[in-house]
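Only a predicted model underlies this, so the values are computations on that prediction, with no experimental measurement involved.
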Amino acid sequence: MLKRLTPWFFVLLLLVSCSNEQEKEQTLTISAAASLTDAIEEITDIYEQSHNLSITLNIAGSGRLAQQIEQGAPADVFLSANQKWMDELENKTVIDPSTRINFVNNRLVVISNKGTDPLPSIQSITQLEKNEQIALGLPGSVPAGTYTKQGLESIHLWDDLEEKMVFGNDVRQVLAYVESGNVTYGFVYGSDAASSEKVSIVSELEDDSHDAIVYPAAVVKASDHPDSARDFVDFLRSEEAQNIFSDYGFKPVEEREG
């Protein structure tokens with residue numbers, strides 16, 4: 001015998017349907033430092049496949065991203081290449097400090113173009129040719145540039161080399177300058193050098209010549225999806241995500257913190 005369905009059943013069915021549809025339409029916006037580009041693209045692809053949401057990536061220099069977020073640009077998670085910009089957002093109560101973690105670290109290297117005349121490995125940064133153009137990120141807004149300035153100042157080379165410097169808006173632009181042959185040398189992260197077949201590492205800055213290169217992550221307080229954003233931040237420390245970071249040349253945080 002056919003049972004009559006009450007109008008309330010259809011109301012409940014509609015509510016469940018709308019709820020499911022809203023879940024399907026949920027989108028996280030991740031603002032990530034440019035040096036994370038390749039690794040974070042792979043990680044977010046995997047995360048999307050295992051979770052009922054989509055992710056929009058906003059890739060740029062950490063300073064630019066922090067300023068965008070402070071000014072109200074849509075963002076659920078911020079991934080910075082240094083502590084400075086995360087500290088600024090925390091001090092201005094823009095991020096949720098209870099969600100803040102460090103998830104990877106990096107090293108700073110000097111690269112040259114493989115296609116130009118072969119350049120010998122530099123045993124010391126002091127052997128950098130003062131007549132060659134050198135690319136680095138803007139020290140005021142690009143963490144890699146800040147670390148580079150710290151390192152060069154620690155060995156009293158900044159003033160000698162400054163007039164030959166070409167500045168990039170993020171570390172990937174610095175990499176592109178060297179790949180194109182427009183500059184002889186560039187200061188980038190080890191992970192950036194590993195991502196390119198067009199450059200060679202000729203030297204690197206000593207770890208103790210600059211602040212530790214540790215990447216923090218946190219949920220933005222204005223996030224429309226704080227629970228999902230928190231889950232994504234936690235995922236960055238998972239074995240699966242850490243293996244991907246390692247494949248792209250990043251190091252586990254413990255290597256520099258311990």
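More than 12 heavy atoms of other residues, nucleotides or ligands lie within 6.0 Å of CD in Glu153, so this atom counts as buried by the packing criterion.
Shown here for Leu175 and Asp192, the closest heavy-atom pair between the two residues is CD2-O, 3.8 Å. Of all the heavy atoms in Ala34 and Ile59, the pair that sits closest is CA-CG2, 3.6 Å. Among all heavy-atom pairs drawn from Leu205 and Thr148, the shortest one is CD1-CA, 4.1 Å. Closest approach of Val199 to Ala193, counting heavy atoms only: CG2-O, 4.0 Å. Considering all non-hydrogen atoms of both residues, Val220 and Val77 come closest at CG2-N, 4.1 Å. Across all non-hydrogen atoms, the minimal contact from Leu65 to Ala33 is CD1-N, 3.8 Å.
To the nearest 0.5 Å, the span separating CG on Leu53 from OG on Ser228 amounts to 5.5 Å. Expressed to the nearest 0.5 Å, how far CD1 of Ile69 lies from CG of Leu89 amounts to 6.0 Å. Atom NZ of Lys149 is separated from atom CG of Leu157 by 14.0 Å, given to the nearest 0.5 angstrom.
Aromatic ring orientation, Phe232 versus Phe235: tilted (interplanar angle from 30° to 60°).
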Go through the steps to decide whether Ser54 and Gln26 satisfy the test side-chain hydrogen bond (donor to acceptor under 3.5 Å, both in side chains), and finish with yes or no.
CA-CA 6 Å; Ser54 61; Gln26 188 178 117; over 6 Å; no
One pair to check against side-chain hydrogen bond (donor to acceptor under 3.5 Å, both in side chains): Tyr185 and Asn113. What are the steps and the verdict?
CA-CA 8 Å; Tyr185 299 108; Asn113 188 300; over 6 Å; no
Kindly determine whether Gln150 and Asp211 satisfy side-chain hydrogen bond (donor to acceptor under 3.5 Å, both in side chains), including the steps that lead there.
CA-CA 8 Å; Gln150 290 174 348; Asp211 292 341; 3.0 Å; yes
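Residues Asn106 and Ser191 bring a donor and an acceptor atom of their side chains to less than 3.5 Å of each other. Counting only N and O atoms by type, the side chains of Tyr248 and Glu42 include a donor and acceptor under 3.5 Å apart. In summary, the side chains of Gln133 and Asn182 do not present any donor paired with an acceptor at a separation below 3.5 Å, with no hydrogens or angles considered. Thr29 and Thr56 share no donor-acceptor pair across their side chains, judged by distance under 3.5 Å alone. A donor-acceptor contact closer than 3.5 angstrom links the side chains of Gln68 and Asn58. Side chains of Tyr147 and Ser209: a donor-acceptor N/O pair is absent below 3.5 angstrom, by distance only.
In this structure, Phe103 has its ring center closer than 6.0 angstrom to the ring center of Phe245.
Judged by distance alone, with hydrogens and angles left aside, the side-chain atoms of Gln173 form a donor-acceptor pair with the main-chain N or O of Asn169 at under 3.5 Å.
Ion pairing of Asp87 with Arg100 is present here, as a side-chain N (NZ or NE/NH1/NH2) and a carboxylate O approach within less than 4.0 Å. One finds a salt bridge joining Glu70 and Lys92 here, because a Lys/Arg side-chain nitrogen approaches an Asp/Glu carboxylate oxygen to under 4.0 Å.
Side-chain heavy atoms closer than 4.5 Å link hydrophobic residues (I, L, V, M, F, W, Y) into clusters, and following such links, possibly through other members, connects Ile101 to Tyr47. By the criterion of side-chain heavy atoms lying less than 4.5 angstrom apart, applied directly or through intervening Ile, Leu, Val, Met, Phe, Trp or Tyr residues, Leu136 is grouped together with Ile213 in one hydrophobic cluster.
Results of the side chain to side chain contact (heavy atoms under 4.5 Å, CB included) test with Val171 over Pro143, Ser35, Ser62 single out Ser35 as the only residue that passes.
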